[in-house]
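Residue indices begin at 1 and follow the sequence shown.
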Amino acid sequence: TMVSWFVVAVVGVVGVSAGSERDTDAQAVSLKNVGDVQTVYGVLDRILPPAAKAHFTLLIDETNACGKIESAAGAKWCVTLEDVEDGTIKLTGTTAAELTYGIGHYLTQYCNMSIGWKRGGGSNLFLPQTWPKVGGTVVRTRNAPWSYIMNVCTHSYSLVWYSWGDWQEFIDWMSLSGINLYLAMTGQEEVQYKVFEQLGLNDTDIRSWFNGPAFLTWSRGQNEYGNKIAGPLPRSWMKSQWELQKQILERTRGLGMSGQLPGFQGNVPIQLKTIENDSNMTKQGDTGWMDSLDPLYAKICDIWMKILIADFGTDHWYQLDGYFNGGTAPWLAGEETAVSTSGESATPACEWSAEQPNMYLIGCPSSGCTGFATLAEAEAACLASMDCGGITKETSGTTPYQVRAGDEPQKSPAGESAYYITNALDCRVLEDLPMWVARGTEAYTGLNRTDPDAMWSFQGWAFIGWKSVKQAASLKSFIDATPAGKFNVIDMSTNGEGEWKKWNNASFWGANYVWTTLHDFGGTDGLKGDLDRINRIPFDATPAAAGGKPNNVWGTGFTPEGIDQNPVYYEFMLESNWRDAPVVDITEHVVTRSHRRYGLTAPNADVTTAWSLLVESAYAQDLSVQDGTGVPHLGSNEGWSWEADLHTPTPTLCNIWTAWSKLISAAAAVPDATIEPFRYDLVNTGREVLAQLAGPAGKNFTGAMANPNAIDAAKIQATGEFYAQVLNDVDALVGTDTA
């Protein structure tokens with residue numbers, strides 16, 4: 001029965017804790033693909049003329065790539081670059097991933113080249129007249145085992161349209177940038193088709209459940225936005241993507257990368273509920289949401305994993321997000337609520353704020369927004385509920401004191417009052433939630449039964465808004481349900497600040513995590529990203545920052561929904577995996593990069609000024625992941641670029657405008673002004689200026705029509721013509737560059 005199984009599950013995980021001290025390098029060894037030298041030579045063949053390959057001698061030494069270098073004693077993941085007497089260069093890497101990064105480092109830092117993604121300015125690669133020396137021996141070492149890229153949305157919004165030729169270029173860029181861990185989600189629909197067909201679903205039901213290519217992110221997740229959007233998905237497309245995935249994985253494995261394959265998340269076409277006569281499955285539209293405690297979940301996991309590994313092999317990484325509780329399954333009515341305790345010798349008593357007049361708290365705890373006649377009764381009830389943050393006092397009624405989940409007072413238009421716990425994270429004992437432990441156990445064993453070396457990788461977007469003690473207990477329960485070292489968090493803070501800092505710098509209670517930054521919404525292109533903030537990654541993640549607790553950051557990277565934008569920001573982020581400390585002078589670092597990107601061999605004042613201004617403006621601010629300047633947002637702007645009068649630009653926008661003018665002036669000095677990296681930056685900076693101008697232009701136009709009783713035809717004409725001209729100018733400008 002469900003109850004007896006639950007008891008076994010809980011007993012089975014007693015004593016398993018992910019919070020203990022661990023050697024992250026030792027754990028990474030078992031997950032690393034070594035790759036091979038010939039695949040690395042293949043990268044050279046694709047990015048440079050044939051004569052270039054003779055300049056490089058490439059070796060892989062898994063055990064002692066850098067141990068002989070005194071400055072790198074004990075280093076695990078590194079590459080050495082050594083001058084050879086005949087004028088060539090020898091590179092030795094721990095794996096092919098370090099080796100290929102070493103090539104990229106040599107080309108950019110010594111040969112004055114640049115390497116970028118195709119639609120973000122591309123690369124500046126060429127055959128030098130004379131190959132430069134490195135000056136003896138140079139060692140480059142990772143500060144953490146993994147350099148990570150991708151968000152589940154990246155595949156739908158950017159990569160789903162890629163041919164094998166496009167993927168080859170993208171993989172080459174990944175390898176030359178040092179990336180060795182990524183989401184490998186291509187072709188999974190064919191695997192799902194085979195699984196669902198084996199379970200008795202017909203062709204129409206399966207294909208109609210999938211969304212179209214641009215919306216696959218939704219059907220790969222929980223299908224919460226619906227199914228068959230731009231579908232049904234053709235079987236021929238599924239098969240072609242399945243074949244493409246095999247090519248991708250073969251290439252990335254040869255280059256020492258590891259791909260995270262998709263695990264079964266518990267979402268199926270709803271027809272399976274009838275086929276299996278499964279009363280535990282919850283219907284959400286045309287999707288069935290399963291609880292991992294349901295025996296059918298385990299059955300599907302086993303089928304899924306066997307087909308997945310048979311088709312694609314495995315690097316032992318599996319992306320698996322969700323809560324595995326069936327959404328609103330029947331047994332949720334009896335869901336346990338861990339009781340928080342306070343007043344123990346090691347735990348301070350919970351403290352309450354003074355009454356906050358004209359304020360209220362949002363949300364209901366799991367016990368509901370229950371009302372009480374007195375404040376004392378409400379306080380007692382709140383303290384007994386781990387996810388209660390305070391109390392809202394209604395203005396009328398016999399039970400006006402209502403317990404609430406929120407702990408941040410909001411302005412109340414109704415004249416309510418609020419009281420909140422000021423030290424909730426300190427005064428409550430964080431206890432594992434048995435049902436979450438049980439579900440986490442089943443989620444992991446669904447991987448582990450087929451692959452004993454399985455690593456569960458959890459995309460942190462699933463808990464991006466979590467703050468309460470109960471939410472902390474829920475996540476910790478998943479971690480503690482998994483054997484030590486087998487649960488990995490992708491920390492997906494939207495600005496790189498670090499989700500690990502939540503809950504008093506909990507650092508995911510000792511679980512390994514990859515610290516990333518996420519800035520992009522569906523492939524939008526606005527210039528943004530605080531370089532100073534991500535300059536602290538991963539160096540702020542120390543045991544001291546975590547209150548002396550283990551802080552197992554074992555990777556860095558980025559997780560945009562779409563790529564091909566803000567290359568300076570993401571390149572800076574990738575370099576963090578290879579630094580010993582934060583960059584001291586970010587402006588100088590970026591200016592040097594821009595000269596290399598444009599093929600300049602001598603300082604250029606205009607380029608220096610342009611990028612100095614951009615570092616001080618666009619790349620000194622974190623904005624919403626969305627971009628409010630698009631045409632669908634008629635008459636909007638992003639708030640930072642214009643003063644309230646909608647006619648005066650802010651100093652930040654003025655700096656970006658001046659940077660654009662300086663790039664225009666620099667065109668005469670660039671050796672080849674048509675070089676794509678320069679042209680992209682020139683056009684894209686201008687696009688940002690015009691896009692920001694479109695905001696107030698649209699607002700002034702719509703404002704002219706706001707009062708139908710006082711129409712000013714001349715004003716409508718003038719503002720409308722100006723707005724249309726700005727949009728036409730944007731089209732004309734971006735039409736000059738294929739990116």
Side-chain angles (χ1 to χ4, degrees), residues 3 6 10 323 325-439 463 465-478 480 502-504 506 509:
V3 174
F6 167 73
V10 174
Y323 311 130
N325 62 3
T328 54
W331 54 82
L332 279 184
E335 184 84 37
E336 93 292 345
T337 300
V339 177
S340 59
T341 60
S342 61
E344 298 179 359
S345 58
T347 307
C350 293
E351 298 176 359
W352 289 89
S353 71
E355 181 178 1
Q356 307 292 304
N358 298 310
M359 306 292 282
Y360 77 105
L361 300 176
I362 62 174
C364 298
S366 56
S367 57
C369 287
T370 308
F372 297 88
T374 67
L375 177 60
E377 290 176 311
E379 287 181 347
C382 189
L383 292 177
S385 176
M386 185 177 283
D387 57 347
C388 179
I391 298 162
T392 293
K393 180 185 177 184
E394 300 287 320
T395 57
S396 62
T398 58
T399 55
Y401 296 96
Q402 295 186 357
V403 293
R404 296 293 175 91
D407 59 5
E408 296 179 353
Q410 312 290 318
K411 289 185 178 180
S412 170
E416 299 158 307
S417 297
Y419 307 81
Y420 63 93
I421 302 172
T422 60
N423 63 338
L425 294 176
D426 297 317
C427 73
R428 286 171 158 163
V429 176
L430 192 62
E431 300 172 337
D432 282 346
L433 305 177
M435 292 295 283
W436 280 78
V437 171
R439 290 187 176 115
F463 54 81
W466 287 16
K467 295 194 305 179
S468 75
V469 177
K470 184 177 181 181
Q471 288 169 329
S474 301
L475 178 58
K476 183 176 182 295
S477 297
F478 271 4
D480 289 345
K502 294 200 303 192
W503 299 298
N504 289 341
W509 302 278

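- Under a 3.5 Å cut-off, the side chain of N423 and the backbone N or O of A349 do form a donor-acceptor pair.
- Panel note: side chain R428, backbone S385; a donor-acceptor pair is recorded below 3.5 Å.
- Side-chain atoms of Q410 come within 3.5 Å of backbone N or O of E408 as a donor-acceptor pair.
- Shortest non-hydrogen contact noted between L433 and A473 is CG-CB, 4.0 Å.
- Shown here for L430 and A472, the closest heavy-atom pair between the two residues is CD1-CB, 3.9 Å.
- The shortest non-hydrogen separation linking A378 to Y401 is CB-CB, 3.7 Å.
- The OH atom of Y419 lies 8.5 Å from the OG atom of S353; values are rounded to the nearest 0.5 Å.
- Ionic pairing of K476 and E431 is not present here: no N-O contact between side-chain nitrogen and carboxylate oxygen is shorter than 4.0 angstrom.
- Here the CG-NZ distance, from L475 to K470, works out to 14.0 Å after rounding to the nearest 0.5 Å.
- Here the straight-line distance linking atom CD of Q356 with atom OG of S412 works out to 12.5 Å at 0.5 Å rounding.
- Here K393 pairs with nothing under the salt bridge (charged side-chain N to carboxylate O under 4.0 Å, His left out) rule; sequence neighbours left out.
- For the atom pair C382 SG and W352 CH2, the distance stands at 4.0 Å (nearest 0.5 Å).
- Rounding to the nearest 0.5 Å gives a distance of 12.0 Å between OG of S474 and CE of M435.
- Between D407 atom CG and D387 atom CG the span is 11.5 Å, to the nearest 0.5 Å.
- By the side-chain contact (heavy atoms from CB on, under 4.5 Å) test, T392 is found to be paired with Y360, L361, E394, R404, E416, residues two or more places apart in sequence or in another chain being considered.
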Checklist entry - Step by step, would you call W509 with W503 a ring pair (Phe, Tyr, Trp, His ring centres under 6.0 Å)? => result CA-CA 10 Å; W509 302 278; W503 299 298; 5.6 Å; yes
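- When each of I421, L383, V403 is tested with C388 by the rule side-chain contact (heavy atoms from CB on, under 4.5 Å), just one qualifies, namely V403.
- Counting only distance, with no hydrogens or angles, the side chain of T422 and the backbone of E351 share a donor-acceptor pair below 3.5 Å.
- Residue pairs meeting the salt bridge (charged side-chain N to carboxylate O under 4.0 Å, His left out) criterion with at least one partner in residues 355-384, sequence neighbours excluded, do not occur; the list is empty.
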